[in-house]
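Report on the following structure.
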Amino acid sequence: MLSLQLIRQDPELVRESLAKRGEASSVDGILSLDEERRRLIQEVESLRARRKQASKEISQMREKPEALLTEMRDVGERIKSLDSEITRNEEELNDLLLRVPNLVHPGVPVGRDESDNVVVRSWGEVKTLDFEPLPHWDLGIRLGIIDFERGVKISGSRFYVLQGWGAKLQRALIAFMLDLHINEHGYTEVYPPFMVKRECMLGSGNLPKFADNLYHDAEDDMWFVPTAEVPVTNFHRDEIIEPGLLPFKYVAYTACFRREAMSAGKDTRGIKRGHQFDKVELYKFVEPDVSDDELEKMVADAEEVCWKLALPYRVLQLCSGDLGFNATKSYDIEVWAPGCAEWLEVSSCSNCIDFQARRSNIRYRSQVGEKLQFVHTLNGSGLALPRVVIAVLESYQQPDGTVAVPEVLRSYMGTDVIS
RNA sequence: GGAGGGAUCGCAUAGUGGUUUAGUGCGGCCGCCUGCUAAGCGGUUAGGGGGGGAAACCCCUCUCAUGGGUUCGAAUCCCAUUCCCUCCGCCA
């Protein structure tokens, strides 16, 4: 959420930022509600001050002053009705504010959609294999490690079962990634709940705007996390972080659940896009002046997974039109999958600056006695599992139909080859 | 799921309708004192919102789990909800 004060002080900045994203502006509506709100508050507060004064006088009188009591009864009624007007106004205002996306970082290239994203670097060689590479769905079926039919039988379309080496490969990747980020990059492992309260979804920015994409248990109003970003953001919700404690760096493994209602019919083949997938997520809470640098470091942490697995990859900077709702600036990492012959998005790393911190009320003090400020939050996949499984299977496949196990996974897998 | 008990300032507690501008202790911070440390002494100790001011700052208002209600006036009385604790039931 943007600061209402900022919108009030510099509405043009906000309008321009929304235009860069190709979003309609609600700035005028917000400003007029804000004006109304301040007017109502001034009125109700002066009535309150008056009532307070009168109550004090009444308490010191021996006889009940009937005229004053009658007047105060009216004042009480007026306060009550103004309060409900303020509540209504604030609900409306808040709903608008919660739907405004983050400001676009000035360094972000302006563009319309993903075709305007910019490749900032790439690593590894996309080499042509000397045999016809199979897509992972064929490999998976032949090796008996992915079972699409049973996934559909159990849960419907966009579900699959990993079994045998397939399941173990995914588990090995999770363990490898967690260990890398914990031991070499200084992240603290957390295992959060996979179902969260509504307010967590508001805090992370998934509600109210993206309810369509979430699984929801209506009976208890519990929401299934679409990414670990949601519970980890809320880890410090409503907290004040004392001087000297930041940064906090967390790595969390979770399953992720997405309805993918918007993309029915897209990427239906294989395990690239399912309603449930696993992910290892990086998350940082940092002081504002370092969040730009911390984003670069986070991307490097995620990239390291790719090069340790020897998977060719490229890093894209997202243009303004492709930027996610929470992000001021984002990089995607894509690895090459020779079987399906495409670049797979395995990570998206974003600086959300104070956007989620404001929604979630996460503040810190830089020094004893200093004013409270909102922290900056960053998140990035490190990495998303099924797509890494795809890239490993397709890149390490051998002419005889077996799949070699990447060096760094051998100790986790206990084998050199999947056959 | 059932039955009871509870939720007050960072922590611990006092507070059963109006000098509560929420007291006290601990902790924290700032002084003083002290050869050092401890002790002692004095002061200080939250957040949101609104208004004024160039600013330092000042004024108002809200917040005693949350939301309603009663009342001229609510931490205090009533109702609902949430969470925590104890016991019972169920359970990986």
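In what follows, chains carry the letters A, B, and so on, assigned in the order in which the sequence lines appear, proteins first and then strands, with residues in each chain numbered from 1.
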Quick one: do [X] and [Y] make a salt bridge, cutoff under 4.0 Å?
X: A:Asp34; Y: A:Arg8; result: yes
X: A:Asp292; Y: A:Lys329; result: yes
X: A:Glu35; Y: A:Arg38; result: no
X: A:Arg48; Y: A:Glu45; result: no

For [X], report the nucleic acid contact type (base, sugar-phosphate, nothing); a contact means any heavy atom under 4.0 Å.
X: A:Leu68; answer: nothing
X: A:Arg365; answer: sugar-phosphate
X: A:Ile240; answer: nothing
X: A:Lys80; answer: sugar-phosphate
X: A:Arg8; answer: sugar-phosphate

Atom [atom1], compared across [N] and [M]: separation rounded to whole Å:
N: B:C11; M: B:C64; atom1: P; value: 16 Å
N: B:G47; M: B:U8; atom1: C1'; value: 16 Å
N: B:U86; M: B:G31; atom1: C1'; value: 48 Å
N: B:G43; M: B:G48; atom1: P; value: 28 Å
N: B:U16; M: B:G6; atom1: P; value: 15 Å
N: B:A55; M: B:U71; atom1: P; value: 45 Å
N: B:A7; M: B:U61; atom1: C1'; value: 26 Å
N: B:U66; M: B:C60; atom1: P; value: 24 Å

- Message: Taking A:Gly111's backbone N and O only, do any of them form a donor-acceptor pair with A:Ser320's side chain (distance below 3.5 Å, no angle check)?
- Response: yes

- Query: Mind checking whether A:His181 and A:Tyr253 have ring centres under 6.0 Å apart?
  - Reply: no

[N]: pairing nucleotide in any strand, Watson-Crick or G-U under 3.5 angstrom:
N: B:G89; answer: none
N: B:A7; answer: B:U82
N: B:U13; answer: B:G23

List, with names and distances, any nitrogen or oxygen atoms from the protein found under 3.5 Å away from nitrogen or oxygen atoms belonging to nucleotides 54-63 of chain B.
from  : atom 1 : to      : atom 2 : distance (Å)
B:C62 : OP2    : A:Lys52 : NZ     : 3.2

- Item | Name of the residue among A:Tyr191, A:Tyr283, A:Phe235 meeting ring-ring contact (aromatic ring centres under 6.0 Å, His included) with A:Tyr250 | A:Phe235

- 5'-most contact on RNA chain B: A:Thr87 or A:Arg73, nearest heavy atom basis? A:Thr87

- Task: For A:Arg37 and for A:Thr70, find the nucleotide of RNA chain B with the closest heavy atom, then tell me which residue's nucleotide is more 5'.
- Result: A:Arg37

- Given A:Leu214 and A:Leu207, is the side chain to side chain contact (heavy atoms under 4.5 Å, CB included) satisfied, shown in steps? CA-CA 9 Å; A:Leu214 299 171; A:Leu207 285 179; 4.1 Å; yes

- Among B:C72, B:U70, B:G48, find the nucleotide with the atom closest to the side chain of A:Arg363. B:G48

